[in-house]
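Notes to accompany the following structure.
Letters A, B, ... are given to chains in the order of the sequence lines, protein chains preceding strands, and every chain is numbered from 1.
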Amino acid sequence: MSHYHSYNEVPGVFPYHPPSEPGPETDPHHPEQPCDDPNTEKTRVVGKTKNNTLETVKEMGTTQVPEIKSNIHCLTIVGQIEGHLVLPPQNKTTKYEHMIPQLVALEQSPEVEGIVVVLNTVGGDVEAGLAIAEMIASLSKPTVSVVLGGGHSIGVPIAVATDYSFIAETASMTIHPIRLNGLVIGVPQTYEYLDKMQDRVVRFVTAHSQVSQEKFRELMFRTGELARDIGTVLIGHEAVECGLINEVGGVQHAMVKLKNLIEEWKDRNGVPLQ
Amino acid sequence: MILYTPMQLELVLAGLEQMKHYPERKTTVNGVPALVRNVGDREELVQLLSTDPQDYLRSDIYPGVTVMPVR
């Protein structure tokens with residue numbers, strides 16, 4: 001009889017708990033009101049976290065780290081930046097349709113104060129890459145980027161879109177024209193069209209970094225550096241010397257810089273967020 | 001669409017023709033509207049369809065995660 005009784009209560013539906021962690025007002029060690037009804041207490045235990053953790057270990061090979069609310073968020077841009085065409089599964093991809101609402105959420109959330117963008121990308125779709133770069137550039141919150149392994153082709157505008165950019169000592173950035181390695185699907189493949197697309201990239205990069213248009217185009221069309229193509233590979237400090245990236249550094253430098261930028265941003269806005 | 005990458009295109013696009021198209025359907029996953037596809041023995045989240053940006057920061061739903069079919 002009691003079996004049927006508890007069955008009617010639909011485990012997991014009542015009472016509803018959003019999967020966020022408790023706010024500052026709830027102390028996990030001293031729950032403010034002990035539950036009187038043992039049945040209600042029971043249904044609350046029927047959750048999904050345990051199963052979820054197991055599944056994460058099984059599917060992704062990762063475990064859940066105990067959650068600590070951070071005031072910064074980290075966006076990782078890896079592999080190919082996928083555009084309007086779904087790439088074959090051997091590619092690691094960054095999905096822009098998921099990333100763009102994430103950036104909106106980060107801009108909107110009052111608890112997020114800064115964003116660090118970690119890049120290890122081989123480029124990808126021009127439109128999608130520029131969309132992400134424009135989104136990052138238009139955020140009001142402080143942003144810092146770190147190029148770790150590589151930030152090639154369309155990764156370059158994303159790297160320079162942040163307020164301040166770092167490149168690891170050994171990281172590389174390939175700057176090359178679109179038309180030689182570019183692939184055009186379903187659009188008139190004219191020289192002028194590709195030239196226009198390339199201009200968008202050049203304009204964005206030169207507007208968001210210290211590199212001049214002449215210098216960037218010179219790097220783009222340099223011969224003798226790449227075996228199969230024209231263009232340049234910039235490694236670590238070379239990217240800083242030509243003005244593309246602000247500084248050579250890693251995660252530590254990025255965190256210190258972001259913290260300083262957040263302080264400045266708070267002072268500027270005058271309203272402490274927390 | 002223009003791919004702007006130093007990687008060889010033969011490598012990036014290998015297997016494009018053989019790519020399988022799994023049947024997709026709209027549903028809700030943990031209360032969030034989403035597009036899921038059936039990949040044989042399980043269902044996988046393809047894309048979130050929610051208009052609430054906060055849903056995109058959730059750690060339990062993102063493209064590629066396995067979602068159990070709601071029966």
Give, for atom CG of B:Leu57 and atom OG of A:Ser109, the distance between the pair rounded to the nearest 0.5 Å.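 If I round to the nearest 0.5 Å, the distance is 5.5 Å.
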
Flag the one option from A:Gly123, A:Ala128, A:Gly129, A:Pro88 with the top tally of heavy-atom pairs under 4.5 Å to chain B.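 That would be A:Pro88.
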
With respect to chain B, which residue among A:Gln108, A:His73, A:Met99 yields the maximal number of heavy-atom pairs within a distance under 4.5 Å?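 Most heavy-atom pairs within the cutoff with chain B belong to A:Gln108.
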
Picking from B:Gly31, B:Pro53, B:Ser50, which has the most non-hydrogen pairs under 4.5 angstrom with chain A?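 Ranked by contacts with chain A, first place is B:Pro53.
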
Stepwise side-chain contact (heavy atoms from CB on, under 4.5 Å) check, B:Met7 with A:His152: CA-CA 9 Å; B:Met7 263 180 91; A:His152 308 287; over 6 Å; no

Can any side-chain N or O of [X] pair as donor or acceptor with the backbone N or O of [Y] at less than 3.5 Å?
{"X": "B:Thr5", "Y": "A:Val122", "answer": "yes"}
{"X": "A:Gln102", "Y": "B:Tyr56", "answer": "yes"}
{"X": "A:Gln90", "Y": "B:Leu11", "answer": "yes"}

Under 6.0 Å between ring centres, would you say that holds for B:Tyr4 and A:His176?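 Yes, the ring centres sit under 6.0 Å apart.
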
Please confirm whether the ring centroid of B:Tyr62 lies under 6.0 Å from the ring centroid of A:His98.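 No, they do not, as the ring centres are separated by 6.0 Å or more.
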
Quick check on A:Asp125 against chain B: is it the side chain, the backbone, both or neither that has a heavy atom closer than 4.5 Å?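 Both backbone and side chain.
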
By a 4.5 Å heavy-atom criterion (distance strictly below it), what part of B:Gln47 contacts chain A: side chain, backbone, both, or neither?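 When you check distances to chain A, only side chain atoms of B:Gln47 fall under 4.5 Å.
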
